[in-house]
Amino acid sequence: MQPFTGSFTQQEPIADDAIKAAVEVLRSGRLHRYNTVGTELGPVAELEKAYAAYQGSAYCLACTSGGYAMATALRALGAGPGDAVLTNGFTLAPVPGAIAAVGADAVLVEITSDLVLDLADVEEKIEATSPKAVMLSNMRGHLCDMDALTALLDRHNVPLIEDCAHTMGAAWNGRKSGSFGIAGCFSTQTYKHMNSGEGGFLTSDDPEFMARAIMLSGSYMLYDRHGAAPAPEVFTDIRLDTPNMSGRMDNLRASILLPQLSRLETNIDRWNARHDLVADRLRGMNGIYVPHRLEQERYVGSSFQFLMPEASKETVQQVVTGAKALGVELKWFGADSPVGFTSNHQSWRYVTPQDLPKTDAILAGLLDMRIPLTFSLADCAHVADIIAHVVARALQKGAA
Ligand SMILES: *Cc1c(COP(=O)(O)O)cnc(C)c1O
């Protein structure tokens with residue numbers, strides 16, 4: 001088997017039109033979002049307007065990161081010390097980190113082998129903890145049954161915040177991920193669906209919630225210079241009561257994101273072609289389970305996951321090592337200590353330890369890989385062949 005030589009962390013370059021826009025901002029010297037002239041909307045406000053239109057939300061705040069968007073959403077909801085916030089037992093560290101940022105207690109919910117929230121456990125934990133909110137993490141782009149979840153949360157009157165770091169552009173029944181609760185949180189960090197190095201968006205249809213979020217982001221009372229903000233009168237009772245916790249996006253990042261937004265739909269098709277090629281090759285293979293997606297789901301295949309449900313730790317380790325030797329980087333969420341971007345709930349020591357036997361059993365056999373758009377379809381076929389090869393070999397060894 002020929003080794004694969006592509007890089008799993010190599011994103012596409014920033015396109016020339018975005019570079020040109022960035023150079024214009026640099027030449028102007030006006031990098032701060034409120035450094036505008038007359039009635040012009042600067043790049044950040046333009047981006048907020050464009051992203052709100054794309055998302056179909058009334059309001060959008062551009063900010064410094066996805067983690068900042070999540071913590072700001074929790075603060076704007078009034079979550080703080082003593083409050084429980086439910087979130088997925090399988091997600092990445094910025095999610096429990098955002099809950100810790102407001103001093104609330106993360107209550108971890110079990111996941112299913114389709115990598116989505118276990119709704120029965122959501123209900124049990126709502127009843128046990130009366131949470132201030134559910135922070136749903138659409139981890140690795142897998143959407144749970146959004147109709148069932150929203151009906152459940154409505155019944156218990158618990159607000160929903162969506163972590164859409166992996167579902168920017170995704171939808172459920174034609175409705176964009178991030179528009180099912182009070183807030184959607186997005187990241188424009190390099191490995192997400194748009195790339196400004198760091199950055200994020202918070203979207204909402206609730207005017208008072210968004211006014212608080214804008215004040216929190218550090219708007220210096222310049223909220224009338226936003227691109228998708230509630231009317232100035234909404235701020236009257238809020239502006240002096242809401243602290244400034246600076247986390248504004250700057251014009252340089254916004255200038256490179258605006259042209260990327262117009263390419264997002266095309267890129268989703270490109271990701272899905274790559275993802276589906278790998279998934280179709282491996283689905284049904286002996287020893288492998290590829291998470292099932294509900295038909296209402298429009299996903300963004302910027303990464304690929306599969307489970308080896310019956311495999312021993314040794315066998316999974318052999319797959320990881322064998323794939324690596326052939327140039328394929330698989331992340332294993334069941335490893336004993338976190339490596340790179342993998343982390344599991346046991347390594348979040350700032351969260352009260354919780355028993356998640358179902359989630360732990362799933363993570364023990366869960367393998368994950370990025371699919372950068374720098375990979376061609378032929379590259380993806382090659383990667384899938386390598387995975388099939390190392391899995392078959394490891395299972396043979398395990399059986400012997
Ligand atoms: C990347 C990511 C975020 C947000 O990350 P930032 O680096 O703060 O922009 C949130 N949730 C998940 C699951 C992520 O992968």
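The residues of the chain are indexed from 1 along the displayed sequence. Both counts, for ligands and for their atoms, begin at 1 and track the order of listing.
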TODO: Give the residue and atom name of whichever protein heavy atom lies nearest to atom 15 (O) of ligand 1, and the separation in Å to one decimal.
DONE: His166 NE2, 2.7 Å
TODO: Test Phe375 against every option in Phe304, Phe8, Trp271 by the ring-ring contact (aromatic ring centres under 6.0 Å, His included) rule and name the one that passes.
DONE: Phe8
- [ ] Look at the aromatic rings of His226 and Tyr34 and report parallel, tilted or perpendicular, splitting at 30° and 60°.
- [x] tilted
Check ligand 1 against [X] and write out every atom of the ligand that is under 4.0 Å from a heavy-atom position of the residue.
{"X": "Ala165", "answer": "2 (C), 3 (C), 10 (C), 11 (N), 12 (C), 14 (C)"}
{"X": "Gly66", "answer": "4 (C), 6 (P), 8 (O), 9 (O)"}
{"X": "Met70", "answer": "10 (C)"}
{"X": "Lys192", "answer": "1 (C), 2 (C), 3 (C), 4 (C), 5 (O), 14 (C), 15 (O)"}
{"X": "Ser187", "answer": "4 (C), 5 (O), 6 (P), 9 (O)"}
{"X": "Val95", "answer": "11 (N)"}
{"X": "Thr91", "answer": "13 (C)"}

Task: Residue pair Asn173 / Asp147, side-chain heavy-atom distance below 4.5 Å - done: yes
Open item on the list: Quick one: does any side-chain atom of Gln317 pair with a main-chain N or O of Ser312 as donor and acceptor, under 3.5 Å?
Closed with: no
